[in-house]
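Shown next, in structure tokens, is the structure this report addresses.
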Amino acid sequence: MLLGRSAAGLLSRLVATGPAVGLIPRSCFIAKTHSRIMSTYQSHCGADWGHRVFAVDASPSLGHPEPFYFTALHSKDQASANCNEWPMLAHGGTALSVGITDPHPVSAARLHRALGQQLAQVLPATCQLLRLLSYLPQEPHTSLQRGFFIWDPHNCSSTQHKLKHLLREHRQHSNCCTYTEGPQGEIWQTPLELGSQTGPSRVVRVGEPDPSPFALNILLSAVYYSLSSARTVLQECSACIPEATRILELLDQCDTGTKKGRYPVIVIEGLDATGKSTLTESLRDCLKATLLRSPPDCISKWRKTFDDEPSLIKRAYYAAGNYIGACEIAKASMDSPVIVDRYWHSTAAYAIATEIGGNLPSLPHCGHDIYQWPQDLLRPDLVILLTVSDEERMLRMRGRGLEETKEEKELESNTMFRLKVEEAYKRIENPQCVIIDASPPKESVLKETLNVIRKRCAV
Ligand SMILES: Nc1ncnc2c1ncn2[C@@H]1O[C@H](COP(=O)(O)OP(=O)(O)O)[C@@H](O)[C@H]1O
Ligand SMILES: Nc1ccn([C@@H]2O[C@H](COP(=O)(O)OP(=O)(O)O)[C@@H](O)[C@H]2O)c(=O)n1
């Protein structure tokens, strides 16, 4: 298990390339890890940056279609690395990193988002702003930090000046380093703070670390694998978001441990405009079923509030929605079959696709812990994933004439994101989706779905 490993042992594995292998044993499942993180999250600020492993999000336009990773030089073996392995510095310019060191997850997430917005405003348009994650190899689960990696192709003195100015008021909860090329093409990482006691360190690129910082970020903060972890975040943000308290009250009123009744529970999943609403309404009529949606009606009025929050908070809302929805599902399934329009698969698949940068191969491998169903969430009997071609989906979206959500716009503009959402849907396990091609006319899709339901469920 990783936590007990020596840093030296881990570092030798860091330089090995290839996909990360899930290190967290299934038995000590994610839920436990997550609640531990939320309660023991520590501040790893100041001088520890010299020992961190950093992950920079992919940027095809800058010549690295996959994320890249680096760490301070710890052994002579790594010394052969040179500037050309840093795709952006190979073009000249400077890179900078900003790390958020706030020890409280909610305020750290809000600071991260606020800084991201401010950086996008104040930095010259030529600068590239990428996501950055880092952790200490000896304790990845308690040291994960989010931040930004900035590439300034023109090495403007004003960029550093603006950054210093911006970070001044967040000095306590952030750190900043510059990355420059040395005379032999080597890369030096230097803290930006004036008067810093720490000198420059030489940094080198390494292979994908294990665990992958991106997968770890999903396990620890982007997807909730237990009700308690979602509750903790909602409690933490209730002081600034009153609606969080209302959701906690609703959760208190639910018996989230209720088992489902004797009738089958069938979830319909798919990207926007694949025909979920159309199909779920027809299924309700055909099967004399109860139709429920996630997030449930009782909290949907607060959806906009949470959609505008950083993903840590937004996803806690959707996670809570699934648990509240589970109570409704359990109750309804005592009297009739239940059809559910979106559930856990949506919550996890969109979060995974958003948090994993790069192309489809960057998604953690099938069977990874990020694709596991939360142990304490009611499991449906069947999950059906509707798929249609991009072209058909766009036609349907336009035909529907509804306002596009932010994510719909993202889907429209970003094919890779769509492919990742769909692939994440397919990789989620226990239960896994049954895929139905939803391109044919509505009646045919209904017929095909009824066939699948009758084969797999007692209706
Ligand atoms: N099988 C189908 N063939 C053609 N159009 C469809 C089909 N299913 C749904 N539609 C249309 O596509 C649009 C989006 O469907 P909808 O059920 O609202 O999707 P979702 O709930 O997945 O966002 C609607 O205008 C609907 O009438
Ligand atoms: N159970 C759910 C339902 C929706 N969601 C989120 O809500 C978004 C889809 O909502 P939507 O209103 O566009 O869905 P439909 O209009 O297609 O039903 C997804 O992008 C998810 O981020 C979720 O996370 N969990």
Side-chain angles (χ1 to χ4, degrees), residues 218 222-224 230 247 265 267-284 291-326 328-329 339-355 373-374 377-378 380 383-412 414 417-418 420-422 424-425 428 433 436-450:
I218 288 171
V223 178
Y224 295 85
I247 293 174
V265 174
V267 175
I268 307 297
E269 291 281 5
L271 294 166
D272 303 287
T274 46
K276 296 182 298 301
S277 304
T278 308
L279 179 65
T280 51
E281 282 162 23
S282 305
L283 288 173
R284 175 194 56 199
L291 173 55
L292 297 171
R293 288 183 185 83
S294 167
D297 293 343
C298 61
I299 67 162
S300 57
K301 54 182 171 291
W302 301 313
R303 195 167 176 180
K304 168 91 178 62
T305 305
F306 286 90
D307 274 348
D308 290 342
E309 289 291 333
S311 64
L312 181 84
I313 300 171
K314 171 180 164 178
R315 304 288 173 198
Y317 163 83
Y318 284 107
N322 288 332
Y323 285 94
I324 295 170
E328 297 179 356
I329 294 170
I339 306 296
V340 192
D341 188 338
R342 291 194 187 273
Y343 191 42
W344 157 261
H345 276 74
S346 280
T347 314
Y350 281 86
I352 290 169
T354 309
E355 298 298 328
W373 188 273
L377 180 65
L378 183 142
V383 182
I384 288 173
L385 174 67
L386 302 182
T387 59
V388 291
S389 69
D390 260 347
E391 296 73 25
E392 174 65 18
R393 209 166 61 79
M394 291 311 146
L395 279 177
R396 291 185 189 182
M397 224 180 251
R398 285 179 199 124
R400 193 168 55 175
L402 291 179
E403 193 197 337
E404 287 178 16
T405 64
K406 249 193 309 187
E407 273 167 313
E408 279 170 340
K409 278 189 190 139
E410 174 130 37
L411 285 173
E412 195 167 7
N414 187 341
F417 180 71
R418 176 190 68 77
K420 282 195 287 188
V421 176
E422 216 165 69
Y425 264 131
I428 292 170
C433 296
I436 289 189
D437 176 9
S439 332
K442 297 171 192 181
E443 301 70 31
S444 315
V445 177
L446 174 64
K447 199 170 159 208
E448 167 71 4
T449 310
L450 285 170

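Residues take their numbers from the sequence shown, with the count starting at 1. Remember, it's 1-based here, ligands and their atoms both numbered in the order they're listed.
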Taking every non-hydrogen atom, the tightest pair across Ala222 and Ala351: O-CB, 3.7 Å
Main-chain N/O of Leu312 paired to Tyr224 side chain as donor or acceptor, under 3.5 Å: yes
Contact (N/O only, under 3.5 Å) between Ser439 and ligand 1: no
Lys276 to Arg342 - nearest heavy-atom pair and separation: NZ-NH2, 3.4 Å
Ligand 1 contact on Pro441 by region, counting heavy-atom pairs under 4.0 Å: backbone
For ligand 2, the portion of Glu269 having any non-hydrogen atom under 4.0 Å away: neither
Arg303 touching ligand 2 at heavy-atom level, < 4.0 angstrom: yes
Candidate with minimal heavy-atom separation from atom 18 (O) of ligand 1, of Glu443, Arg342, Arg293, Arg400: Arg400
For Asp272 against Tyr350, the heavy-atom pair lying closest together: OD2-OH, 3.6 Å
Heavy-atom pair with the smallest gap, counting every atom of Val421 and Ala349: O-CB, 3.8 Å
Part of Tyr343 with heavy atoms under 4.0 Å of ligand 2, whether side chain, backbone, both or neither: backbone
Side-chain donor/acceptor of Lys304 to backbone N/O of Lys301, under 3.5 Å: no
Heavy atom of the protein closest to atom 1 (N) of ligand 1 (residue, atom name, distance): Pro440 O, 2.9 Å
Within-cut-off N or O pair, Arg400 and ligand 2, under 3.5 Å: no
Option with minimal heavy-atom separation from atom 20 (P) of ligand 1, where the choices are Ala438, Ala273, Gly399: Ala273
For the student: nearest non-hydrogen atoms of Ala320 and Ile247, plus distance: CB-CG2, 3.7 Å
